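Residue numbers begin at 1 in each chain, while the letters A, B, ... track the order of the sequences. Atoms considered below: every heavy atom in the structure, side chains included; atoms not considered: hydrogens, waters and symmetry mates. Since the structure is predicted, the reported quantities are computational estimates derived from the model, not experimental observations.
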There are 2 protein chains.
Amino acid sequence: MFSKACEYAMRAAVYIAKCSMEGKRVAVKEVAEATDIPEAFASKVLQRLARAGLVDSLRGKKGGFSMSASQQKRSLYEIVTLFEGEAYFNSCVLGLPVCSSQNPCPLHYQVVGLRDALKKSLQQTTIRKAATEVVDAGARLRFSSEDDESH
Amino acid sequence: MFSKACEYAMRAAVYIAKCSMEGKRVAVKEVAEATDIPEAFASKVLQRLARAGLVDSLRGKKGGFSMSASQQKRSLYEIVTLFEGEAYFNSCVLGLPVCSSQNPCPLHYQVVGLRDALKKSLQQTTIRKAATEVVDAGARLRFSSEDDESH
DNA sequence: TCATAAAAGGATATTTTTGTCTTTTTTTAA
DNA sequence: TTAAAAAAAGACAAAAATATCCTTTTATGA
């Protein structure tokens with residue numbers, strides 16, 4: 001449904017938010033392990049999130065990534081559009097360059113409403129809210145449980 | 001949202017259905033032109049649809065593609081899963097290998113319902129129905145209108 | 001039977017996505 | 001001031017998706 005980069009970005013962002021809520025700055029290495037992302041790729045994804053202002057990064061010893069309260073309030077939609085582009089939610093399901101109520105493709109009415117609902121759902125879901133699911137409901141950001149990290 | 005191959009497959013299938021409803025068999029060349037798909041790629045996509053039994057193909061002079069009444073009744077969902085895989089609608093939005101109500105990711109409840117609705121909508125939409133939209137409501141399968149095909 | 005039209009199949013090319021590795025810059029603290 | 005730790009940046013590699021081209025097989029009709 002979404003690209004790997006986008007999936008990774010969401011997992012990483014939620015993990016960083018969770019850490020920031022606990023007042024902890026995290027390094028790429030930890031984010032990568034906690035969310036099952038290849039470390040070097042995680043680094044690229046986080047660079048992109050940082051350049052977009054969705055996370056803060058600090059270089060050097062004791063550096064790492066964090067999210068301010070206002071960053072935690074940004075929506076998952078912002079992450080998705082950063083990696084998939086606005087077109088993901090706006091362009092024609094059949095790939096036509098023009099498709100609207102004026103000029104619909106045969107699936108326009110069929111699909112547009114549902115896709116808009118998905119869009120709105122992601123717009124209304126803050127990164128912080130997703131992080132809270134992890135803390136409160138034990139929702140996961142990686143396959144294996146946090147118990148068997150074995151370190 | 002969907003891959004090019006999948007978009008092409010849906011456009012091509014709907015066009016072939018429309019032609020078959022008019023009792024006309026069509027060649028790749030015509031399908032490609034009518035739906036704005038690169039011809040060689042259209043050929044590959046149609047081969048795949050044919051192997052999957054979603055369209056009939058006939059070689060040789062007067063050959064081409066067509067869809068029987070029962071093929072026209074197949075759903076768009078079948079085309080999508082042929083090109084995107086079942087996983088498209090079933091796997092975790094965040095890309096986790098395991099994600100269910102037992103073991104949800106932080107977006108599980110948020111997104112799963114909407115994606116299921118999209119799935120059902122595609123399952124309930126037959127290729128024939130989409131083709132009827134084109135015939136009855138003038139819905140389009142390519143950018144420019146059919147008037148300016150200039151031939 | 002032979003030329004022609006069409007799909008099928010195979011090979012190849014291009015672009016994008018995914019993933020890795022190495023070097024550089026920045027910061028901290030000893 | 002220097003070693004260590006961390007992100008940033010750049011180069012590269014591998015895989016997948018997209019796209020094109022060429023050959024082979026099949027059917028038709030003259």
Q: Determine the contact category for B:Phe83: base if any of its heavy atoms lies under 4.0 Å from a base atom, sugar-phosphate if only primed atoms, P, OP1 or OP2 are that close, otherwise nothing.
A: nothing

Q | Side-chain ion pair, B:Glu30 and B:Lys24, N-O less than 4.0 Å | A | yes

(Q) What's the closest nucleotide to the side chain of A:Phe65 if the choices are D:dT28, C:dT20, D:dA7? (A) D:dA7

Q: Under 4.0 Å between any heavy atoms, over every strand shown, what does B:Leu58 touch: base, sugar-phosphate, or nothing? Just pick one.
A: sugar-phosphate

Q) Can a salt bridge be assigned to the pair B:Glu33 and B:Lys29 using a cut-off of 4.0 Å between side-chain N and carboxylate O? A) yes

Q) B:Phe41 has an atom CZ; how far is it from atom C1' of D:dC21, in whole Å? A) 15 Å

Q. Does any non-hydrogen side-chain atom of B:Leu118 lie less than 4.5 Å from one of B:Met1?
A. yes

(Q) Return whichever of B:Ala5 or A:Gly63 has its heavy-atom-nearest nucleotide of DNA chain D closer to the 5' end. (A) A:Gly63

Q. So A:Tyr8 and A:Phe41, would you call those rings parallel, tilted or perpendicular, with 30° and 60° as cut-offs?
A. perpendicular

Q: Measure from NZ or CZ of A:Arg115 to the centre of the six-membered ring of A:Phe89, then state whether that distance is under 6.0 Å and the direction lies within 45° of the axis.
A: no

Q.
OP1 or OP2 of D:dA19 versus the side-chain N and O atoms of B:Tyr8: is any pair under 4.0 Å?
A. yes

Q: With a 4.0 Å heavy-atom cut-off, tell me which residues in residues 47-57 of chain B come close to DNA chain C, sorted by residue number.
A: B:Gln47, B:Arg51, B:Ser57

Q.
Expected output is a numbered-order residue list: members of residues 68-77 of chain B with a heavy atom under 4.0 Å from any atom of DNA chain D. What is it?
A. none

